[in-house]
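This report refers to the structure that appears directly beneath it.
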Amino acid sequence: MGLTRNRRKKEPEIVIARDTESSSSEEEEEEDDDDYPLSESEKGDEAVKIELEKSKAKGKAPITVKLKKVCKVCKQPGHEAGFKGATYIDCPMKPCFLCKMPGHTTMSCPHRVVTDHRILPTSHRNTKNPIDFVFMRQLQPRIPPIKPPYVIPDQVHCAVIRYHSRRVTCLEFHPTRNNILLSGDKKGQIGVWDFAKVYEKSVYGNIHSVQVNNMRFSPTNDDMVYSASSDGNIGYTDLETGTSSTLLNLNPNGWQGPTTWKMLYGLDINSDKGLVLAADNFGLLHIKVVGLDCNPVHPELLLSCGNDHFARIWDMRKLQPGESLNDLAHKRVVNSAYFSPSSGTKILTTSQDNRIRVWDSIFGDLDSPSREIVHSHDFNRHLTPFKAEWDPKDASESLIVVGRYISENYNGAALHPIDFIDSSNGQLVAEVMDPNITTITPVNKLHPRDDVLASGSSRSLFIWRPEEKTEMVEEKEKKEKKIVICYGDSDKKGKKQKRGSDDEDEDDDMFSSKGKNIKAKAKTTKSTRRTKA
DNA sequence: AGAGAATGCACCC
DNA sequence: TGGGTGCCCTTCTC
């Protein structure tokens, strides 16, 4: 298909006269001459002239350095890629960064939903024209006659905390206590945050030694949580005390090299059968199984996904290699696969080919997905993998949330929104973003009961809520001077507030509206931990 | 303020 | 076939 990455083994020769940038040039320059001979075609290219004025006192003539304008992506002259202000210009020699098809760039991609943020407020974008609606009803007569309105957390208001020293890898809401958010990070720490009492948090660093990949609460004891980690352990932790026991250790003999080291990724609980399920990097089929999901209605059904490009449906009673009930093919690694939260009949997957796939019924034709939604969430080794997740409160089982990789220019700021998508039609229902949050937000979780979205972005956690609730919180926090609410278009407020705070030196917490402006005083933890390879 | 580091996947031979 | 190589929008720290 059109998904090859068009790699060029041999890059064209680049000659940059007097270039200071040495890291990107692969070949050693023997010649130091300024007069780089331009070919006929290249002569038309504008050469950038940088005039370096040596000290005026010495009265030396300015030195003119010619830099050939070269694309930093494909290393070819004649065009440039990269940020122009807040807008990223794609390299035209590469396939579209969004849909991966050649022949156009992200800017002109037909799958690019947003074209101008200055004209259309996001909330208006979900208006369907009546004909579309009727048409859709005819095509899908089984959708609920009136979709319950989505309640999307207001993008303007959020709360921020930073206590992780590595990037956030997973989030989980407490099953009964509404304001408790659990977060795991790349270092193996697990945080418990009471986001109503903003300052109340605990961080447990002794449960795992490397990244936490998934967490699940015990169905029988609200205070106990299971966690799967790349250290090969399943921890079983009391959140009140932080005391943890090891339910499973796949590496009892310690580190014997990367070929034997086992890592646990997928984790889910089958309460019907009283099982805790976990998948390691070798898996039953000797592939890395990264996700697991038990069907909420049919306890014998299990869904797995991984880097073999498949999501697979299993019968719990027949978990043998090659015995899966269905194999759902993808073009790239599958980051996540989830049954729909109430009926369990739909499947939602996120794949690194920049497509979200939806199967409308596990009892129907599973040969190909019911829909593929092109969405920017593909792979970057420095980011926690994106996972599109269902809204557990949406009775129609169509609303999903997923972070976006590529940025858009929002009034001069390059931001990466969190997208709410109606998975029944692929429509972008809302984008949540804040000018103070400039980092990418791959980890998102919708609250099981409240209209709350929790997000993990780099090392920070965000709670987004509807405006009414937030204003209460906001008032409270203003008094306490403990948190800064992020305002949609004035980060000044937030900064002032933080600067005025007397609590700055209290501990290594980070309550800020803009991590960039306020340096964390978190202990700089030397990464002495062993990595897997 | 600019370099360096962390480190997953795909492609290549 | 497996190790070597390179990577298009990262983010933080020094």
Side-chain angles (χ1 to χ4, degrees), chain A residues 3-11 20-24 26 71-76 79-100 102 105-107 109 112 162 164-169 185-187 210-211 213 230 258-259 263 265 281 287-288 290 306-309 330-335 351-354 376-386 403-409 413-417 437-442 456-460 510 514-533:
Chain A
L3 296 177
T4 51
R5 297 184 59 171
N6 278 7
R7 283 226 181 131
R8 245 168 276 268
K9 183 71 187 174
K10 280 281 173 209
E11 303 291 356
T20 49
E21 185 186 320
S22 56
S23 60
S24 64
E26 289 164 9
C71 173
K72 69 170 185 183
V73 175
C74 71
K75 314 280 198 298
Q76 288 186 331
H79 65 274
E80 278 183 308
F83 276 103
K84 272 234 155 40
T87 305
Y88 190 91
I89 310 296
D90 272 4
C91 169
M93 308 302 286
K94 295 277 184 171
C96 171
F97 192 62
L98 174 55
C99 74
K100 308 298 179 194
T105 63
T106 309
M107 292 295 271
C109 179
R112 188 163 172 264
R162 183 151 93 162
H164 286 287
S165 59
R166 295 281 166 155
R167 70 180 198 234
V168 174
T169 50
D185 73 14
K186 198 89 175 53
K187 199 186 169 198
V210 289
Q211 76 192 64
N213 289 312
S230 291
T259 50
M263 298 177 270
Y265 283 82
N281 54 319
I287 43 111
K288 188 205 290 177
V290 294
N307 67 353
D308 65 343
H309 303 189
H330 295 68
K331 295 200 181 75
R332 297 277 166 180
V333 168
V334 190
N335 289 344
S351 171
Q352 292 182 6
D353 65 355
N354 262 2
S376 173
H377 56 248
D378 55 327
F379 176 76
N380 178 315
R381 73 191 132 154
H382 307 292
L383 300 175
T384 304
F386 291 84
R404 196 193 302 173
Y405 186 3
I406 52 174
S407 62
E408 291 284 346
N409 182 347
L415 303 177
H416 311 263
I437 300 171
T438 55
T439 49
I440 293 171
T441 309
S457 186
S458 185
R459 292 158 44 180
S460 299
M510 261 285 296
K514 192 162 186 172
K516 268 189 173 174
N517 291 334
I518 303 142
K519 295 285 179 206
K521 286 201 290 302
K523 308 150 199 153
T524 47
T525 43
K526 294 284 171 232
S527 61
T528 48
R529 69 190 168 80
R530 177 197 54 229
T531 45
K532 64 182 167 62

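In what follows, chains are A, B, ... by sequence order, proteins preceding strands, each numbered from 1.
Rounded to whole Å, the distance from CG on Asp308(A) to C1' on dA10(B) is 15 Å. To the nearest angstrom, P of dG8(B) lies 12 Å from CG of Asn281(A). Put simply, CG on Asp90(A) is 16 Å from P on dC7(C), counting in whole angstrom units. In this structure, His382(A) places its NE2 atom 8 Å from P of dC9(C), rounding to the nearest Å. A straight line from NE2 of His330(A) to P of dA10(B) spans 13 Å, rounded to a whole angstrom. In this structure, CG of Asn380(A) is placed 8 Å from P of dT11(C), rounded to the nearest angstrom. Counting to the nearest Å, the P atom of dC9(C) and the CZ atom of Phe379(A) are 12 Å from each other. Residue His164(A) contributes atom NE2, which lies 14 Å from atom P of dC12(C) at whole-angstrom precision.
Using a 4.0 Å cut-off, no side-chain N or O of Arg162(A) falls inside it from OP1 or OP2 of dT11(C). For dC7(C), neither phosphate oxygen OP1 nor OP2 lies less than 4.0 angstrom from any side-chain nitrogen or oxygen of Lys94(A). Considering only side-chain N and O atoms, Ser376(A) lies nowhere under 4.0 angstrom from the phosphate OP1 or OP2 of dC9(C). Contact annotation: Arg459(A) side-chain N/O to dA6(B) OP1/OP2 distance is not under 4.0 Å.
Of the listed nucleotides (dA10(B), dT10(C), dA6(B)), dA10(B) has the atom at the smallest distance from the side chain of Arg332(A). Comparing dC12(C), dC9(C), dC7(C) by their closest approach to the side chain of Thr439(A) singles out dC12(C). Listed nucleotides dC7(C), dA6(B), dC9(C) differ in distance to Lys75(A); the shortest reach to its side chain belongs to dC7(C). The side chain of Val73(A) lies closest to dC8(C), out of dC8(C), dT10(C), dT7(B). Comparing dG8(B), dT10(C), dC12(C) by their closest approach to the side chain of Leu383(A) singles out dT10(C). Checking dG8(B), dC12(C), dC9(C) against the side-chain heavy atoms of Arg381(A) singles out dG8(B) as nearest. Nearest to the side-chain atoms of Tyr88(A) among the listed nucleotides dC8(C), dA10(B), dT7(B) stands dC8(C).
Look at the P atom in both dT13(C) and dT7(B): the space between them is 15 Å, to the nearest Å.
Here the side chain of Ser376(A) pairs no donor or acceptor atom with the backbone of Phe97(A) at under 3.5 angstrom. One N or O on the side chain of Asn335(A) and one on the backbone of Phe386(A) form a donor-acceptor pair closer than 3.5 Å.
Comparing Arg167(A) and His309(A), the nucleotide of DNA chain B nearest to each residue sits closer to the 5' end for Arg167(A).
The residue Ile406(A) sits close to a base: some heavy atom pair falls under 4.0 Å. Among the heavy atoms of the strands lying under 4.0 Å from Ser407(A) is at least one base atom, whether or not backbone atoms are also near.
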Exercise for the section: Take Asn281(A) and Tyr265(A) through the side chain to side chain contact (heavy atoms under 4.5 Å, CB included) test and state the conclusion after the steps. Expected result: CA-CA 7 Å; Asn281(A) 54 319; Tyr265(A) 283 82; 4.1 Å; yes
Problem - Derivation of the side chain to side chain donor-acceptor pair (under 3.5 Å) call for Asp90(A) and Thr106(A) - result: CA-CA 7 Å; Asp90(A) 272 4; Thr106(A) 309; 2.3 Å; yes
Practice task
Verify side chain to side chain donor-acceptor pair (under 3.5 Å) between Arg332(A) and Ser351(A), making sure each step is shown before the conclusion.
Solution key: CA-CA 6 Å; Arg332(A) 297 277 166 180; Ser351(A) 171; over 6 Å; no
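Using a cutoff of 4.0 Å between basic side-chain nitrogens and carboxylate oxygens, Lys100(A) and Asp378(A) are scored as salt-bridged.
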